[in-house]
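Just below is one structure, and these are the notes that go with it.
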Amino acid sequence: MDHKPTYRDLIYEIVKCIPSGRVASYGQIARMVRRCTARMVGFAMASTPENENIPWQRVINSQGKISPHGAGFGSALQRQLLEEEGVIFNEENIVDFDQFGWKPLD
DNA sequence: CGGCTGACTCTGG
DNA sequence: TCCAGAGCCAGCC
C-alpha cells in the first residue's frame with residue numbers, strides 16, 4: 001500500500017469493485033484508468049497476489065469469453081468460479097454482457 | 001539506461 | 001464471416 005502505488009494497484013481496486021455474479025472486460029477496466037491499456041489490465045491480472053481478495057475471475061475479454069492464460073486449466077477454474085457466482089456461459093463459452101456485464105452505476 | 005514482454009482491442013482484407 | 005497485423009503503455013531484466 002503504499003507510498004508508490006502502481007497502475008496495477010489501481011486496476012486491482014477497480015476489479016475489487018466488481019460485485020459477485022457480474023463480469024467486466026479488460027477494455028472496460030482499461031478505460032476507467034487513464035494511461036492504461038487493455039494489455040496492462042491483463043498483465044495486472046496475471047500478477048494478482050493471492051494474499052489479496054481480488055476477483056480476477058470476473059475480468060474477461062471484450063468478446064465475453066475467457067482468454068487462455070498460459071496453461072489452460074486456469075481458464076477452466078475461472079469459468080467454474082463464475083458459474084458458482086451465477087454467471088451463465090452459453091455453448092460458445094461466452095458470457096452475455098447484457099445480463100452479467102458490470103456497470104459502475106450498478 | 002535500453003529493450004522485450006503481455007490473461008487485449010481495433011481495423012482492414 | 002473469419003483471419004491477420006499493428007497499436008498501446010507500464011513493468012521487469
Side-chain angles (χ1 to χ4, degrees):
Chain A
M1 342 225 303
D2 332 315
H3 306 128
K4 284 192 52 162
T6 62
Y7 278 91
R8 284 197 334 202
D9 294 318
L10 293 175
I11 294 169
Y12 293 157
E13 291 299 315
I14 294 175
V15 173
K16 285 194 285 189
C17 287
I18 303 174
S20 178
R22 292 289 160 85
V23 295
S25 66
Y26 296 94
Q28 181 90 43
I29 306 287
R31 286 170 194 187
M32 291 179 189
V33 182
R34 296 178 184 276
R35 316 295 182 166
C36 183
T37 62
R39 284 188 166 180
M40 264 288 14
V41 178
F43 197 60
M45 296 297 94
S47 298
T48 40
E50 298 178 2
N51 314 45
E52 301 291 336
N53 186 17
I54 303 173
W56 56 270
Q57 63 235 38
R58 294 172 193 152
V59 182
I60 58 182
N61 62 24
S62 63
Q63 296 181 359
K65 298 197 289 195
I66 301 173
S67 300
H69 34 89
F73 58 87
S75 58
L77 175 63
Q78 180 174 7
R79 176 183 154 186
Q80 183 176 346
L81 290 171
L82 290 174
E83 288 182 329
E84 289 292 321
E85 294 181 354
V87 178
I88 306 299
F89 287 78
N90 64 13
E91 308 113 20
E92 300 288 335
N93 290 336
I94 299 176
V95 180
D96 188 352
F97 272 97
D98 193 50
Q99 290 185 70
F100 305 105
W102 173 61
K103 296 177 185 176
L105 303 177
D106 188 18

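Here is how names work: the chains are called A, B, and so on, in the same order as the sequence lines, proteins then strands, and each is numbered from 1. Remember, predicted model here, so these are calculated numbers, not experimental data.
Taking both residues in full, the closest heavy atoms of A:I18 and A:P55 are given as O-CG, 4.4 Å, listed atom of the first, atom of the second, then distance. Nearest heavy atoms, A:N61 versus A:S67: ND2-OG, 3.4 Å.
For the side chain to side chain contact (heavy atoms under 4.5 Å, CB included) with A:S75, the lone residue among A:Q80, A:H69, A:Q57 that qualifies is A:H69.
Within the 4.5 Å cutoff, the side chain of A:V15 has heavy atoms near those of the A:M45 side chain. Proximity of A:E13 to A:L10: side-chain heavy atoms (C-beta onward) are nowhere separated by under 4.5 Å. Between A:S25 and A:V41, the closest side-chain pair of non-hydrogen atoms is not below 4.5 Å. By the 4.5 Å heavy-atom criterion applied to side chains, A:I14 and A:W102 are counted as neighbours. Within the 4.5 Å cutoff, side-chain heavy atoms of A:S20 are placed close to those of A:R58. Side chains of A:W56 and A:S47 form no contact here, defined as non-hydrogen atoms less than 4.5 Å apart.
For DNA chain B, no neighbouring residue in residues 91-101 of chain A is found when judged by any heavy atom under 4.0 Å.
Candidate nucleotides B:dT9, B:dA7, B:dG6 were compared by shortest atom distance to the side chain of A:M40, and B:dG6 ranks first.
A:R34 comes within contact range of no nucleotide atom at all, as no heavy-atom separation falls under 4.0 Å. Among the heavy atoms of the strands lying under 4.0 Å from A:Y7 are primed sugar atoms or P, OP1, OP2 only; no base atom is included.
The span of DNA chain C lying next to chain A, judged by atoms under 4.0 Å from heavy atoms, is bounded 5' to 3' by C:dG7 to C:dC12.
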Base-pairing string, 5' to 3', of DNA chain C - Watson-Crick or wobble, under 3.5 Å, | interstrand: .||||||.|||||
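For the pair A:L81 CG and B:dA7 C1', the computed distance is 15 Å after rounding to whole Å. Atom CD of A:Q63 is separated from atom C1' of B:dC10 by 11 Å (rounded to the nearest Å). One can place CZ of A:F43 at 16 Å from P of B:dC4, the figure rounded to the nearest angstrom. In this entry the distance linking CD1 of A:I11 with C1' of B:dA7 reads 12 Å, nearest Å. One atom, CD1 of A:I60, and another, C1' of B:dT9, lie 14 Å apart when rounded to the nearest Å.
For A:Q78 (side chain) and A:V59 (main-chain N/O), a donor-acceptor pair under 3.5 Å exists by modelled atom type.
In the displayed structure, A:N90 atom CG is contacted under 6.0 Å by more than 12 heavy atoms of other residues, nucleotides or ligands.
Between A:S62 and A:T37, the residue whose closest nucleotide on DNA chain B is further toward the 5' end is A:T37.
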